[in-house]
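Given the structure is predicted, the values throughout are model-derived calculations rather than measurements. By convention here, the first residue in the shown sequence is residue 1.
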Amino acid sequence: MATSLQLFQCKLARPFRPFPLRRSTPPLSLRCCASPPSSYSITLIPGDGIGPEIISVVKDVLVLVGSLEGIKFEFQEVLMGGAALDATGVPLPDDTLSAAKQSHAVLLGAVGGYKWDKNEKHLKPETGLLQIRKELGVFANLRPATVYSPLVDASTLKREVAEGVDIMLIRELTGGIYFGEPRGFGTNENGEEIGFNTEIYATHEIDRIAHFAFKVAQKRCGKLCSVDKANVLEASMLWRKRFLAIAQEYPDVELSHMYVDNASMRLIRDPKQFDTMVTNNIFGDILSDEASMVTGSIGMLPSASLGASGPGLFEPIHGSAPDIAGQDKANPFATVLSAAMLLRYGLGEEKAAKRIENAVVDTLNRGFRTGDIYFAGTKLVGCKQLGEEILKSVESNVHAGAATV
């Protein structure tokens with residue numbers, strides 16, 4: 001079941017401004033239901049730390065949205081990460097992977113925590129996350145970074161720098177140094193212990209993320225910045241070579257290249273120069289976290305991980321935050337917005353996705369904040385109360401035109 005580019009908009013990070021589609025643009029090969037079933041199977045992975053708290057909020061939001069939009073959800077909660085290690089001895093149990101593969105979409109809270117930091121690599125919670133991404137074949141990671149008007153003062157940047165920022169960062173997710181072989185530990189000629197990893201990309205891995213990124217850029221503002229380190233790394237040299245070749249197929253997209261160190265500087269100095277960015281696995285991991293601080297908090301950034309077929313994986317980009325776990329301090333906005341991406345890109349339920357996104361903006365406009373985005377003049381609340389306020393906004397169905405991005 002393929003997803004057409006009708007699921008994309010000019011500003012993917014701004015779901016309220018649809019862009020007319022080019023009829024000549026071929027469809028993106030992403031999963032969606034051509035004929036929506038009467039119900040959708042959603043695998044929920046609460047994970048560790050604040051994961052169970054934020055997933056609880058999002059489940060309530062999806063249930064309410066479903067009842068209002070005539071959509072039925074069947075939820076199955078499974079273990080992954082540290083919780084799975086404690087219960088089963090492995091970070092990704094077979095039952096979890098099986099449930100994920102058989103569902104329409106997967107929604108993840110977060111994995112990891114201090115408790116498991118000293119585990120061997122194959123027994124770390126994060127290994128389960130890398131494994132499920134690989135097993136689901138989700139090679140393209142969409143990470144929108146948008147500065148919402150009510151939160152512009154939460155950014156550490158000057159208002160004139162942060163206001164109006166709207167970036168879609170696309171991260172290649174299943175290749176590069178996180179998966180490359182050989183890797184491991186050894187001893188060098190001097191008898192010293194060494195650790196080594198391999199940054200490696202095959203042509204087909206670069207080509208598929210390139211086509212994906214160009215098509216996203218077509219539906220936004222026609223500008224694509226490819227970030228690499230082609231002055232030093234051979235893998236980046238091939239990356240740039242393939243992007244230059246594939247750019248010939250997209251004459252309506254303005255392609256630029258930038259070294260990752262320069263991009264990280266410019267992302268802070270002048271973030272509005274970027275529209276759609278694409279980069280490899282490790283650079284995307286770092287740059288998306290940096291972009292989150294432009295928006296005011298990592299607690300505001302959702303993500304969608306998509307492949308050529310099968311269910312997508314949707315998750316906030318923040319971690320498990322074990323230092324505040326169980327204290328009702330977590331910000332659920334990023335996970336709620338990840339659920340909106342699940343509805344749009346995973347299920348093709350655009351109306352329901354917009355209802356959630358409008359509700360987030362309305363909740364912000366009404367002044368409700370968790371501690372990470374709180375400032376004078378707003379209302380400090382906990383995770384549970386913020387979830388209740390989001391539900392009120394969902395039910396009121398604030399019109400898109402009334403929402404301020």
Side-chain angles (χ1 to χ4, degrees), residues 30-31 41-49 51-52 55 76-143 171-185 195-202 204-205 208-209 280-282 284-286 288-289 303-320 322 335 338 342 346:
L30 302 176
R31 185 189 189 282
S41 171
I42 309 297
T43 296
L44 298 177
I45 306 177
D48 310 316
I55 287 294
Q76 182 176 2
E77 291 195 18
V78 293
L79 299 174
M80 194 175 83
L85 281 166
D86 289 349
T88 70
V90 295
L92 179 63
D94 291 340
D95 289 349
T96 295
L97 183 58
S98 177
K101 286 184 173 181
Q102 294 176 34
S103 62
H104 290 96
V106 182
L107 185 61
L108 168 67
V111 296
Y114 308 131
K115 178 180 179 180
W116 307 281
D117 278 351
K118 295 183 179 180
N119 285 17
E120 294 183 28
K121 184 178 180 297
H122 70 285
L123 294 177
K124 287 184 178 291
E126 295 81 4
T127 298
L129 179 57
L130 294 177
Q131 288 174 341
I132 197 170
R133 287 171 176 170
K134 194 76 171 179
E135 290 290 334
L136 293 179
V138 287
F139 65 87
N141 183 230
L142 289 164
R143 296 189 168 195
R171 170 189 174 190
E172 198 289 323
L173 200 60
T174 57
I177 200 166
Y178 289 172
F179 294 95
E181 297 287 349
R183 63 191 300 149
F185 300 95
F196 56 94
N197 295 86
T198 302
E199 167 72 357
I200 184 169
Y201 272 103
H204 79 276
E205 293 175 307
R208 66 186 181 183
I209 196 67
N280 69 13
N281 204 339
I282 189 169
D285 192 2
I286 296 166
S288 59
D289 280 10
S303 77
S305 301
L306 307 168
S309 63
L313 176 64
F314 303 85
E315 57 180 308
I317 77 163
H318 62 68
S320 61
T335 316
S338 295
L342 181 156

Report the distance from atom NZ of K124 to atom NZ of K118, rounding to the nearest 0.5 Å. 10.5 Å

Could you tell me if the side chain of V78 sits less than 4.5 Å from the side chain of D95, heavy atoms only? no

Measure the spacing between OG1 of T198 and CZ of F179 and express it to the nearest 0.5 Å. 14.0 Å

Taking every non-hydrogen atom, the tightest pair across H318 and T335: NE2-OG1, 4.0 Å

For a quick test of reading the model, state the closest non-hydrogen atom pair linking A99 to T43 and the distance between them. O-OG1, 3.1 Å

G113 to P322 - nearest heavy-atom pair and separation: CA-CG, 4.2 Å

Expected output: side-chain H104 to main-chain I42 donor-acceptor under 3.5 Å: no

Do W116 and L123 come within less than 4.5 Å of each other through their side chains, counting heavy atoms only? no

Within the distance-only criterion (no hydrogens, no angle test), does the side chain of R183 pair as donor or acceptor with the backbone N or O of F196 below 3.5 angstrom? no

I'd like to know if the side chain of T96 reaches the main chain of L79, judged simply by a donor and an acceptor atom lying under 3.5 Å from each other, with no hydrogens or angles considered. yes

Nearest-0.5 Å distance, CG of residue L142 to OG of residue S288: 12.0 Å

Donor-acceptor pair, distance only, cut-off 3.5 Å: does the side chain of N281 make one with the backbone of G175? yes

F314 and A105 have their tightest heavy-atom pair at CE1-CB, 4.0 Å

Between the side chains of Q102 and S98, is a donor N or O closer than 3.5 angstrom to an acceptor N or O? yes

Check the surroundings of atom CD in E181: do more than 12 heavy atoms from other residues, nucleotides or ligands lie under 6.0 Å from it? yes

Over all atoms of both residues, closest heavy-atom pair of A83 and G47: CB-O, 3.9 Å

D48 side chain to G82 backbone, donor-acceptor under 3.5 Å: yes

Under 4.0 Å between a Lys/Arg side-chain N and an Asp/Glu carboxylate O for D86 and K115? yes

Has E199 got a side-chain atom pairing as donor or acceptor with I177's backbone, closer than 3.5 angstrom? yes

Gap separating the CD1 atom of I45 from the CE atom of M80, nearest 0.5 angstrom: 4.5 Å

Are any side-chain N or O atoms of R143 and backbone N or O atoms of D289, one a donor and one an acceptor, separated by less than 3.5 Å? no

Is it true that a side-chain atom of E172 and a backbone atom of T174 form a donor plus acceptor pair closer than 3.5 Å? yes

Closest non-hydrogen atom pair between G128 and P91, with its separation: N-CB, 3.7 Å

Output the distance between atom CG (L108) and atom CD (E315), rounded to the nearest 0.5 Å. 5.0 Å

Side-chain heavy-atom pair E205, I209 within 4.5 angstrom cut-off: no

Separation between CG (L130) and CD1 (I132), nearest 0.5 Å, reads 11.0 Å

Do side-chain atoms of T88 reach the backbone of L85 as a donor and acceptor pair under 3.5 angstrom? no

